[in-house]
Q: 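Sharing a structure, written as structure tokens. Questions coming.
Atoms within each ligand, like the ligands themselves, are counted from 1 in listed order. Because only heavy atoms are used, hydrogens play no part in the values below, and waters and symmetry mates are left out as well, while side chains stay in.
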Amino acid sequence: MKVQTIDGHEADLPQTVLDSFKMGLKGPLLLPGDAGYEESRTVWNAMIDRKPALIMRCLGIADIISCVRFAHDQRLLLCIKGGGHNIAGLATADGSLMLDLSLMRGVWVDAEQKVAHAQAGCLLGDLDRETQVHGLATVLGFVSMTGIAGLTLGGGFGYLTRRWGWTTDNVIGMDVVTADARLVRATEEENPDLFWGLRGGGGNFGVVTGIDYMLHPVGPEVVGGIVAWPASEAAEVLNLYRTLAREAPQELTLVTLMRPAPPAPWLPKEIHGKLIVAILACHSGKIEDGEKAVSAIKSFGTPIGDVLVRRPYAQLQTLLDGTQPKGRRYYWKSEYLPGIEPKLCEKFIAHSEKIRSPHSAMILFQIEGALNRVEDNHSPVGNRDARYVLNIGGAWEHEVDDTANINWAREAWNDLKEFSTGGTYINFLTRDEGRERMEAALGKNLSRLSEIKSKWDPENFFRTNRNIQ
Ligand SMILES: Cc1cc2nc3c(=O)[nH]c(=O)nc-3n(C[C@H](O)[C@H](O)[C@H](O)COP(=O)(O)OP(=O)(O)OC[C@H]3O[C@@H](n4cnc5c(N)ncnc54)[C@H](O)[C@@H]3O)c2cc1C
């Protein structure tokens, strides 16, 4: 069988070597043509189309150790797939041995200590589901099918960021299989350099097998959801957003977006496909406070749809899932913003009006709060001056539309990047964004990451990631 080596060459893997490797595994090892291979090799973004030589659906840490040892001995290119949601397709590589962690989705909650241990193949929804049994949650993102590992290793933000910081600020320990196939623990006390590096440095240092998160009391019911207006009211709605966001208590997180209306049942049929503006909200404090806090949104102008209500937090965490299916073509541009100026709102509306596909959107996420109160070098995720995230999200169905949609996103970004802090989110970088953008994402913390990389992975064995040299 032809495989890709770590040095970028093609090599032959003898059948006898493969057979003896297989004997030491518990989970299934998939080859092209095997049932499940296609599902496993594909990732969320259909722009990425790569074919690993071997896919190991790991059934535990022992499988991961066997694979790392085998790949190391054979000098095989290794890649790691968590939720497969990285837009740049970092989870997969042609000719590689892919570790697919999707069979490792266990979660254990210690409600008394307010700690959850999650296996690295968990999706966000797996963790929310188990922690919410106890009325607890940690900071996770907005789409429940995203993988916890990629999200956490790159930073992570969501509705609870304003209260408790980046996802990674809520991590208290990780278990990691290193390049020499050892299982090590990374915490503030054990291997603190590795622990620091993992909280923003991505999969550069090893295969994370499990993550321990701090939990906080949340829900199980919150006030959350979305209100939408026609695009003709965009200027007023964005002005409302700016004012409310500036004054909002940290229990309240506000997101605004413009996009063609999806065919959602809560939006009237005649508006489907037409440009709308919307505010998405989550108030995770007392229900009465939440209802009061969102009343100015619900009573504003003439909404065409309003599902901003009291509801289970776990349900709110799945509200956007339907808009982000696996298998579409996606291209994003993103920046951190220090605030929202009226001029930015004007440009935001102008570029939304030029959207080329029914699935694309422009979004502003509010994140200011807890993350701004921590030193920049607390962990490599940094960007402690970020108060909003701008995401220009191109999404479409067919390859023939690639150029038009990519150009739309790039033009909008070129026009809006003047409002940036200068920083960007590493987990939102597309595959055409290189070293300069990685530096923008990691800033001064990059040099310390390089030192940690040279200690824990001197050969650069873990390289299918935002690679630290
Ligand atoms: C629809 C959508 C919504 C999103 N929403 C948010 C959001 O609200 N907030 C937010 O912060 N981000 C969000 N993101 C970005 C998300 O954080 C990144 O895409 C992240 O990389 C996804 O993690 P994953 O495990 O699914 O990715 P994968 O594609 O599986 O992996 C991404 C990278 O992490 C590495 N990796 C994965 N698992 C491991 C492991 N166990 N050990 C070591 N390395 C590993 C991979 O090798 C790869 O380099 C969103 C992305 C999408 C597509």
Q: Using the rule given for side chain to side chain donor-acceptor pair (under 3.5 Å), can you reason through S357 versus N405, listing the C-alpha separation, both sets of side-chain angles and the distance that settles it, and then say yes or no?
A: CA-CA 7 Å; S357 150; N405 285 285; 4.5 Å; no

Q: Return yes if a side-chain donor-acceptor contact under 3.5 Å exists between D175 and T209, otherwise no.
A: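 Result is no, nothing qualifies.
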
Q: Residue-level breakdown please: for Y330 versus ligand 1, do any non-hydrogen atoms fall below 4.0 Å on the side chain, on the backbone, on both, or on neither?
A: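 Neither; nothing of Y330 gets under 4.0 Å from ligand 1.
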
Q: Starting from atom 38 (N) of ligand 1, which protein heavy atom do you reach first, and at what distance in Å?
A: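 For atom 38 (N) of ligand 1, the nearest protein heavy atom is A149 CB, 3.3 Å.
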
Q: What part of V43, side chain from CB on, backbone N/CA/C/O, both or neither, has a heavy atom under 4.0 Å from ligand 1?
A: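 For V43, no heavy atom sits under 4.0 Å from ligand 1.
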
Q: Say whether G150, considering both its backbone and side-chain N or O atoms, lies within less than 3.5 Å of an N or O atom on ligand 1.
A: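 Yes.
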
Q: Pairs of nitrogen or oxygen atoms closer than 3.5 Å, one from L101 and one from ligand 1: do any exist?
A: no

Q: For the residue pair F157 and T167, what are the closest heavy atoms and their distance?
A: N-OG1, 3.9 Å

Q: What atoms in ligand 1 come closer than 4.0 Å to a heavy atom of G82?
A: 25 (O), 30 (O), 37 (C), 38 (N)

Q: Looking only at heavy atoms, which two atoms of L442 and P380 are closest? And how far apart?
A: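 Here L442 and P380 meet closest at CD2-O, 3.6 Å.
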
Q: Assess the side chains of N460 and N467: does a donor N or O sit below 3.5 Å from an acceptor N or O?
A: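 Indeed, the side chains of N460 and N467 share at least one donor-acceptor pair under 3.5 Å.
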
Q: How far is atom 53 (C) of ligand 1 from the closest protein heavy atom, and which atom is that?
A: H85 O, 3.2 Å

Q: Can you sort out which atoms of ligand 1 are near G84, meaning under 4.0 Å from one of its heavy atoms?
A: 24 (P), 26 (O), 27 (O), 28 (P), 29 (O), 30 (O)

Q: Which of these, L151, N427, N86, has its nearest heavy atom closest to atom 12 (N) of ligand 1?
A: L151

Q: Using a 4.0 Å cutoff against the non-hydrogen atoms of V207, which atoms of ligand 1 qualify?
A: 42 (N)

Q: Between N45 and ligand 1, which part of the residue brings a heavy atom under 4.0 Å of the ligand: side chain, backbone, both or neither?
A: neither

Q: Quick one: look up the protein heavy atom nearest atom 42 (N) of ligand 1 and list residue, atom name and how far away it is.
A: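 The closest heavy atom on the protein side is V208 N, 2.9 Å.
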
Q: Under 3.5 Å, N or O to N or O, is G147 touching ligand 1 that way?
A: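 Between G147 and ligand 1, an N or O pair is found under 3.5 Å apart.
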
Q: Within the 4.0 Å heavy-atom shell around G206, which atoms of ligand 1 are there?
A: 42 (N), 43 (C)

Q: Calculate, to the nearest 0.5 Å, the distance between atoms CG and OG1 belonging to L320 and T146 respectively.
A: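 Rounded to the nearest 0.5 Å, the CG-OG1 separation comes out at 10.0 Å.
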
Q: Counting only nitrogen or oxygen atoms and a 3.5 angstrom limit, does F428 reach ligand 1?
A: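 F428 vs ligand 1: no N/O contact under 3.5 Å.
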
Q: Using a plain distance cutoff, I'd like to know if A120 has any nitrogen or oxygen under 3.5 Å from a nitrogen or oxygen of ligand 1.
A: no

Q: Please examine the side chains of D212 and M174, heavy atoms only from C-beta on, and report whether any two atoms are closer than 4.5 Å.
A: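 No, too far: nothing below the 4.5 Å cut-off.
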
Q: Would C79 count as a contact of ligand 1 if the rule is a heavy atom under 4.0 Å away?
A: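 For ligand 1, residue contact (heavy atoms, under 4.0 Å) with C79 is absent.
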
Q: Might you point out which heavy atoms bring S352 and M258 nearest each other, and give the distance in Å?
A: OG-CB, 3.4 Å

Q: May I ask which of F462, W332, F142 has a heavy atom nearer to atom 2 (C) of ligand 1 than the others do?
A: W332

Q: Please examine the side chains of F70 and L76, heavy atoms only from C-beta on, and report whether any two atoms are closer than 4.5 Å.
A: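 Side chain of L76 against side chain of F70, heavy atoms only: contact under 4.5 Å found.
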
Q: Determine whether Y331 and D432 satisfy the following criterion, side chain to side chain donor-acceptor pair (under 3.5 Å), listing intermediate values before the conclusion.
A: CA-CA 10 Å; Y331 184 87; D432 62 358; 2.7 Å; yes

Q: Nearest protein heavy atom to atom 47 (O) of ligand 1, by residue and atom, and its distance?
A: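 Its nearest protein heavy-atom neighbour is I80 O, 2.8 Å.
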
Q: One pair to check against side-chain contact (heavy atoms from CB on, under 4.5 Å): L267 and I276. What are the steps and the verdict?
A: CA-CA 10 Å; L267 288 168; I276 55 168; 4.2 Å; yes

Q: If we only count N/O pairs under 3.5 Å, is Y425 in contact with ligand 1?
A: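 Right, the criterion is met.
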
Q: Is there any N or O on A91 that sits under 3.5 Å from an N or O of ligand 1?
A: no

Q: Short list, please: which atoms of ligand 1 are under 4.0 Å from a heavy atom of G141?
A: 7 (C), 8 (O), 9 (N)

Q: Starting from atom 25 (O) of ligand 1, find the nearest protein heavy-atom neighbour and note its residue, name and distance.
A: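 In this structure, atom 25 (O) of ligand 1 has G83 N, 2.9 Å as its nearest protein heavy atom.
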
Q: Do ligand 1 and F157 have nitrogen or oxygen atoms that lie under 3.5 Å from each other?
A: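 The answer is yes, given that F157 and ligand 1 share an N or O pair closer than 3.5 Å.
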
Q: Among T146, V143, L90, which residue places a heavy atom closest to atom 22 (C) of ligand 1?
A: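 It is T146 whose heavy atom sits nearest to atom 22 (C) of ligand 1.
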
Q: Show the atoms of ligand 1 that are less than 4.0 angstrom away from any heavy atom in G156.
A: 11 (O)

Q: Checking contacts here: is it the side chain or the backbone of Q324 that comes within 4.0 Å of ligand 1, counting heavy atoms only? Could be both or neither.
A: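 Side chain only.
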
Q: Looking at K81, which atoms of ligand 1 are within less than 4.0 Å of one of its heavy atoms?
A: 30 (O)

Q: Determine, for K326 against E39, whether the closest basic-nitrogen to carboxylate-oxygen distance falls under 4.0 angstrom.
A: yes

Q: Please determine if K455 and D193 form a salt bridge, counting it only when a charged side-chain N lies under 4.0 Å from a carboxylate O.
A: yes

Q: I'd like to know whether R356 forms a side-chain contact (heavy atoms from CB on, under 4.5 Å) with W396, so could you lay out the CA-CA distance, the side-chain angles of the two residues, the decisive distance to 0.1 Å, and finally the verdict.
A: CA-CA 9 Å; R356 302 294 300 264; W396 62 100; over 6 Å; no

Q: Classify the side-chain pair Y213/T152 by whether it contains a donor and acceptor separated by less than 3.5 Å.
A: yes

Q: Any luck finding a side-chain donor-acceptor pair between R41 and T92 under 3.5 Å?
A: no

Q: Could you label the plane-to-plane angle of the F365 and F428 rings as parallel, tilted or perpendicular, counting under 30° as parallel and over 60° as perpendicular?
A: tilted

Q: Counting each atom of ligand 1 from 1 as listed, which ones have a heavy atom of G203 under 4.0 Å away?
A: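 Contacts of ligand 1 toward G203, numbered from 1: 43 (C), 44 (N).
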
